[in-house]
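To start, the structure under review is shown below, and the notes come after it.
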Amino acid sequence: MTETQLTNGKKVIIRQLSRPEIREIRDLGSQRLFKDGSIGLVGANKVLDAWIDKGLAGLDDWKAKNGEIVPDDIIMQLDDNEQFELGELIKGAQVLNPVKPSRSA
């Protein structure tokens, strides 16, 4: 668990996710190439919701009990910018390879 806060001062507790959970979240979104060469993101809201649902273990006075998923009414108290910031904090707190692997010949 990692304790941090949003820029507005709201306290956040972030849960460390497993590799399969992280992979599952990353697989929710995709990119779409348009005829004009631009790229769009498909499923960005699903990905953001998944980071929050799986990675949030506490927000201000609310604390998850026994792996509980954050209730919608707690998240609905945050505006879009706060939700985006929260998702980025959760994503950034996940450490897949904290130690560089040794190279073997």
Side-chain angles (χ1 to χ4, degrees):
M1 301 276 188
T2 302
E3 291 188 34
T4 188
Q5 60 184 352
L6 300 176
T7 54
N8 63 10
K10 291 183 181 185
K11 297 176 189 172
V12 174
I13 301 173
I14 299 171
R15 184 170 79 83
Q16 180 66 44
L17 302 177
S18 67
R19 287 180 38 244
E21 288 172 315
I22 293 168
R23 191 171 43 249
E24 178 185 321
I25 293 169
R26 288 180 175 170
D27 285 347
L28 289 174
S30 62
Q31 294 181 344
R32 181 175 177 199
L33 181 62
F34 295 98
K35 290 180 183 179
D36 67 359
S38 64
I39 297 175
L41 298 176
V42 178
N45 290 319
K46 285 182 189 178
V47 172
L48 176 61
D49 285 349
W51 282 119
I52 293 172
D53 288 346
K54 291 191 180 270
L56 186 62
L59 179 63
D60 277 342
D61 293 332
W62 177 82
K63 304 247 183 316
K65 297 177 182 123
N66 300 322
E68 172 187 21
I69 292 177
V70 60
D72 283 345
D73 63 318
I74 299 295
I75 296 303
M76 298 301 282
Q77 295 173 20
L78 301 174
D79 65 29
D80 287 345
N81 291 331
E82 292 168 325
Q83 288 183 38
F84 181 78
E85 180 185 0
L86 178 57
E88 289 297 306
L89 282 174
I90 292 169
K91 181 179 172 183
Q94 307 308 313
V95 179
L96 290 180
N97 189 9
V99 178
K100 290 184 179 180
S102 61
R103 294 191 177 236
S104 57

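All values below come from the heavy atoms of this structure, side chains included, with hydrogens, waters and symmetry mates left out.
K11 NZ: 12 or fewer foreign heavy atoms inside a 6.0 Å radius. Shown here is D61, whose CG atom has no more than 12 heavy atoms of other residues, nucleotides or ligands within 6.0 Å.
Residues satisfying the side chain to side chain donor-acceptor pair (under 3.5 Å) test with E85, not counting sequence neighbours, are T7. Taking K91 as the reference, nothing meets the salt bridge (charged side-chain N to carboxylate O under 4.0 Å, His left out) condition, with sequence neighbours excluded. Partners of E24 under the salt bridge (charged side-chain N to carboxylate O under 4.0 Å, His left out) rule, at least two apart in sequence or in another chain, are K54.
Note that the CZ atom of R15 and the CD1 atom of I90 stand 10.0 Å from one another [nearest 0.5 Å]. Summarising the geometry, atom CD belonging to E88 is positioned 10.0 Å from atom CD1 belonging to I52; distances are rounded to the nearest 0.5 Å. We find the CG-CD distance between D60 and Q5 to be 9.5 Å, quoted to the nearest 0.5 Å.
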message: Show, in sequence, the C-alpha distance, side-chain angles and deciding distance for L17 and W51, and conclude whether the side chain to side chain contact (heavy atoms under 4.5 Å, CB included) test is met.
response: CA-CA 9 Å; L17 302 177; W51 282 119; 3.8 Å; yes

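L89 and I14 make their closest contact through O-CD1, 3.6 Å (heavy atoms, listed as atom of the first residue, atom of the second, distance). Contact between A93 and Q16 at its shortest, heavy atoms only, is O-OE1, 3.5 Å.
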Would you give me the side-chain donor-acceptor pairs under 3.5 Å for residues 65-81, sequence neighbours excluded?
from, atom 1, to, atom 2, distance (Å)
E68, OE1, K65, N, 3.2
Q77, NE2, D73, O, 3.4
D79, OD1, N81, N, 3.0
D79, OD1, E82, N, 2.8

Expected list for residues 30-50: side-chain donor-acceptor pairs under 3.5 angstrom, two or more places apart:
from, atom 1, to, atom 2, distance (Å)
D36, OD1, S38, N, 2.9
D36, OD1, S38, OG, 2.6

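M1 belongs to a hydrophobic cluster whose remaining members, ordered by chain and number, are I13; membership requires side-chain heavy atoms of ILVMFWY residues under 4.5 Å apart, directly or through intermediates.
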